[in-house]
Engineer: 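A single structure is presented below for examination.
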Amino acid sequence: MTSARDDQLVGRSVARREDPRLLSGRGRFVDDIELPGMLHAQFVRSTVAHGTITGIDLTRVRQVPGVIAAFTAADLELGDITARLDRPPSEFVPTAMPVLARDRVRYVGEPVAVVVARDPYVAEDGLEAAAVTYAPLAPIRCEEQALAPGAPRVHAEAAGNTLVDVSLFATEGIDEVFDRAPCVVHVDVRTGRQNALPLETRGAVARWDDREEQLVLHTCTQTPHQVRTVASRCLGLDERAVRVIVPDMGGGFGLKCVVGREEIATAAAALRLGRPVKWIEDRKDALSASFLAREQHYRARAAFDADGRILGLDTDVVCDMGAYSCYPFTAGIEPLMAAAEMPGVYKVPAYRVRGRGITTNKAPTAPYRGVSRPQYVMAMERLMERAARELDLDPVEIRRRNVITEFPYVGVNNITYDPGSYLESLDLCERSLREAGWYDRQAAARAEGRHIGIGYSCFSERTGYGSTAFAQRKMEVVPGFDVAEVRMDTSGAVTATTGTISHGQSHETTMAQIVADTLGLDLAKVKLHQGDTDRVTYGWGTFASRSIAVGGSAVRLAAAKLGDKLRAIAAAEWGVHPDETELDRGRVRRRDAPDVALTYEHLADTAYLRSHLLPKDIDPGLTATAVFDVHNDGTFSNATHGVVVELHEDTGQVEILAYVCVEDCGVAVNPQVVEGQCRGGIAQGVSGALFEQITYDAQGEPSATSFMDYKVPTAQEIPEVVIHHLETPCAFTATGAKGAGEGGTIGAPAAVLNAVNDALRPTGVELDNTPITPETVHRALTPRTPEQTP
């Protein structure tokens, strides 16, 4: 039990402890690792989108001066990476992803062979000497081709090129609901394929440690224990014989929470050659051949009564998952997320949904910040806007009439929503824009013939997914719990471990705040260890905004256990019951005599150096371990985003004039970190709404191989964001916190799209797809002649 303190750290924007190291160039990333005798790997990649391999000749590669070795799948004999759902064949088809392609390639950039050389430049030279021949097959480039009757199959076992086909909900009588509804609106929403674009591309350094009899794999992954499991199985090693270490990491955004083929092949090369091997992905491969995301299609309709209240929702979701299922989430990650959670913040009494994940000849997809929620929120928010127009209602008012206001709320999707501030965030967001004068400025601009629009999006972010929530997806590998250890040494300093991984989320600061508050310690006394499978008991890593909600809860419980032991040792010395003691600023004091106290250093000396003084029921040492899981539907953060844009008629440019975010993630351990998450997420969401898209030509060649081809915004295009915090503490986590990692990305695309459509309102044109390019806007604003009007 911890006494209330005036210097409480949780809830304060303390300075990030990582910054001095990272901002002064003292960070240590995968590419900073240099080892004696280290070699460098690069991958021969497929130049065709679909075809059988008729020959691989690496003779000339091995003759390049400085090339040490070149390996094909036949040389390395590795096991495949296969992700599975425990669903019948009619709902899910597993697809094995070989570490190196053996007989067939399924996308441009698929690794076919690995070249190992004395330096990365020679390795690149070796790639040019590789001779791989193919018998090309017709590539499947899009949803329409994949689902066309008689279409060629990307995988022979996947009929109709469908990997996932699940109808999760179908309320009885839903057709009658639509037949009787006074208002039925439809949307057809498509979103472009994107790249997560972490600043640091993927990479790995592998070596064999003779003394420990271990493969040591340094890699920038969000899920080191899962990489260890897959590496051991593909390489035929005991899991004990694989150690995965994550150094500093320059972003991940979900791209790095799946197991990549290249890190396994790099490890295999190091084992084969008996020397350290490094692989660093270049930006071309990162853009075209790494895991991608986002390409989704929603055909949705909603029924409303005459007052604008939702009566029913009917949706067909198709997600283009690329060539393979990612491990461990499978191709079901996006369609299952969308289907289960699409009703979101709204009271939907009748619901039917079909979710499909299709396979195409493109690089496979991985979870990317938001995972389907930016897309299904966009579809829901477009339905709201369209209904508001049909019923002549204010867009904010129709949302007010439909958002959930009574909690806990059990949705039509069988999910229980815990308390949130859905209506409060909407009201505050609108009030902020009105008080800033944007509605008056919009009216004045329209009188001048300028195109200014205001748009909103309301959404929830399901966070704190525990094993129960993941099990509902029927994953063969079920993430959920997390393990933490908190250990005090004889100086009274504390080391904590967590199974989560920071790739920009400030865990070294926020986790330390939790520990320091729980134990009544100075922040400088706490050190966090993460990202080492030999030092961390087990962890599922960082994704789904789980780090503070789940990992932080485990840390909090472990610290509390350690505090209980400190109190027990002090109580034994005083001959009182532990309940008569409390923790206070680095010491344990007696409640009945506050001036009587023992320092942590004194108690640690007893626990370690004078353990003969301990009672028989207290073990020596000061270490505590805790496991935390969420055994319900998780918790829901929520937010409303409001955006003001101006469309420039001459260029078609979309300029964001104002951005307001009202967010509620429960207890904000560090508000400044939460704001950083919001701003970063909003930047990615705006980028997806206005800029980013990877397209493919008729041969399946990706359009984007550099930043000359792939548009991303600069700081100039990202607006200042006004952030308001609301706080609805979570009852299901030990910290009261909900997740905050993905909300910015979830809300931004819908808010921007709605603002653009509001600006286009006088033209009668509506847009439902992203990205919204200048060409799209310019066409919409260009007056059409009668002959051009469809």
Engineer: Roughly how far, to the nearest 0.5 Å, is the CD atom of Gln693 from the OG1 atom of Thr773?
Structural biologist: 8.5 Å
Engineer: I want to check something: taking the side chain as every heavy atom from C-beta on, are Leu147 and Asn161 in contact at a cut-off of under 4.5 Å?
Structural biologist: no
Engineer: Cut-off 3.5 Å, side chains only: do Gln42 and Asp282 have a donor facing an acceptor?
Structural biologist: no
Engineer: Mind checking whether Thr162 and Thr359 have side chains closer than 4.5 Å, heavy atoms only?
Structural biologist: no
Engineer: Between the side chains of Thr229 and Gln226, is a donor N or O closer than 3.5 angstrom to an acceptor N or O?
Structural biologist: no
Engineer: So for atom CZ, which belongs to Arg190, do other residues, nucleotides or ligands contribute more than 12 heavy atoms lying within a distance under 6.0 Å?
Structural biologist: yes
Engineer: Check for me whether the distance between the ring centres of Tyr710 and Phe691 falls short of 6.0 Å.
Structural biologist: no
Engineer: Taking the basic N atoms (NZ, or NE/NH1/NH2) and the acidic carboxylate oxygens, is any pair closer than 4.0 Å for Glu110 and Lys362?
Structural biologist: no
Engineer: Answer with yes or no whether the side chains of Ser687 and Glu692 bring together a donor and an acceptor at under 3.5 Å.
Structural biologist: yes
Engineer: About how many Å separate CG of Leu197 and CG of Leu255, when rounded to the nearest 0.5 Å?
Structural biologist: 9.0 Å
Engineer: For Gly680 versus Arg369, what's the shortest heavy-atom pair and its separation?
Structural biologist: C-NH1, 3.7 Å
Engineer: Just checking, Arg84 and Tyr327: is the charged tip under 6.0 Å from the six-membered ring centre and within 45° of the axis?
Structural biologist: no
Engineer: Quick check: are there more than 12 heavy atoms from other residues, nucleotides or ligands sitting under 6.0 Å from CD of Glu157?
Structural biologist: yes
Engineer: Just wondering, are more than 12 heavy atoms of other shown residues or ligands nearer than 6.0 Å to CD in Glu213?
Structural biologist: no
Engineer: Would you mind checking if Arg243 and Glu212 are paired as a salt bridge, meaning a charged N to carboxylate O distance below 4.0 Å?
Structural biologist: no
Engineer: So, do Met475 and Leu85 sit near enough that their side-chain heavy atoms are less than 4.5 Å apart?
Structural biologist: yes
Engineer: Taking the side chain as everything from C-beta on, heavy atoms only, tell me whether Tyr107 gets closer than 4.5 Å to Ser288.
Structural biologist: no
Engineer: Could you go through the salt bridge (Lys or Arg N to Asp or Glu O under 4.0 Å) check for Arg356 and Asp316 one step at a time?
Structural biologist: CA-CA 8 Å; Arg356 284 176 285 174; Asp316 187 304; 3.0 Å; yes
Engineer: Return the CZ to CE distance between Arg261 and Met97, rounded to the nearest 0.5 Å.
Structural biologist: 5.5 Å
Engineer: Without hydrogens or angle criteria, can the side chains of Thr770 and Thr191 be said to hold a donor-acceptor pair below 3.5 Å?
Structural biologist: no
Engineer: Which heavy-atom pair separates Cys326 from Ala83 by the least distance, and what is that distance?
Structural biologist: O-CB, 3.2 Å
Engineer: State, yes or no, whether a side-chain contact exists between Phe92 and Thr330 at a heavy-atom distance under 4.5 Å.
Structural biologist: yes
Engineer: Would Arg202 and Glu263 pass as an ion pair if we require N to O under 4.0 Å?
Structural biologist: no
Engineer: Taking 4.0 angstrom as the limit, do Glu200 and Lys256 come out as a salt bridge?
Structural biologist: yes
Engineer: Under a plain distance cut-off of 3.5 Å, with no hydrogens placed, do Ser372 and Glu334 share a side-chain donor-acceptor pair?
Structural biologist: no
Engineer: Let me see the working for Thr82 and Asp80 under side-chain hydrogen bond (donor to acceptor under 3.5 Å, both in side chains), right down to the final yes or no.
Structural biologist: CA-CA 6 Å; Thr82 306; Asp80 294 339; 5.3 Å; no
Engineer: Before accepting this row, confirm whether a basic side-chain N of the pair Lys278/Glu34 lies closer than 4.0 Å to the acidic partner's carboxylate O.
Structural biologist: yes
Engineer: Can a side-chain donor-acceptor contact be found between Thr360 and Asp320 if the only test is distance below 3.5 angstrom?
Structural biologist: yes
Engineer: Could you tell me whether Glu239 and Arg228 have a side-chain N and a carboxylate O separated by less than 4.0 Å?
Structural biologist: yes
Engineer: Thr95 versus Leu163: any side-chain heavy-atom pair under 4.5 Å?
Structural biologist: yes
Engineer: What distance separates Trp208 CH2 from Arg272 CZ, expressed to the nearest 0.5 Å?
Structural biologist: 14.5 Å
Engineer: After noting the C-alpha distance and the side-chain angles of Tyr134 and His50, does the key distance pass the ring-ring contact (aromatic ring centres under 6.0 Å, His included) rule?
Structural biologist: CA-CA 9 Å; Tyr134 307 93; His50 196 194; over 10 Å; no
Engineer: Check whether more than 12 heavy atoms from other residues, nucleotides or ligands sit under 6.0 Å from atom CZ of Phe707, and answer yes or no.
Structural biologist: yes
Engineer: Is there a donor in the side chain of Gln684 and an acceptor in the side chain of Tyr368, or the other way round, less than 3.5 Å apart?
Structural biologist: yes
Engineer: Strictly distance-based, threshold 3.5 Å: is any side-chain N or O of Arg275 a donor or acceptor partner for the main-chain N or O of Gly37?
Structural biologist: yes
Engineer: Considering only heavy atoms from C-beta outward, does the side chain of Pro224 approach that of Ile245 to under 4.5 Å?
Structural biologist: no
Engineer: Would you check if there is a donor-acceptor pair between the side chains of Tyr324 and Arg106 at a distance under 3.5 Å?
Structural biologist: yes
Engineer: Is any side-chain heavy atom of Val44 closer than 4.5 Å to one of Val132?
Structural biologist: yes
Engineer: For Arg240, look at atom CZ and say whether over 12 heavy atoms of other residues, nucleotides or ligands are found less than 6.0 Å away.
Structural biologist: yes
Engineer: Applying side chain to side chain donor-acceptor pair (under 3.5 Å) between Asp248 and each of His503, Arg26, Arg21, Arg28, report the one that passes.
Structural biologist: Arg21
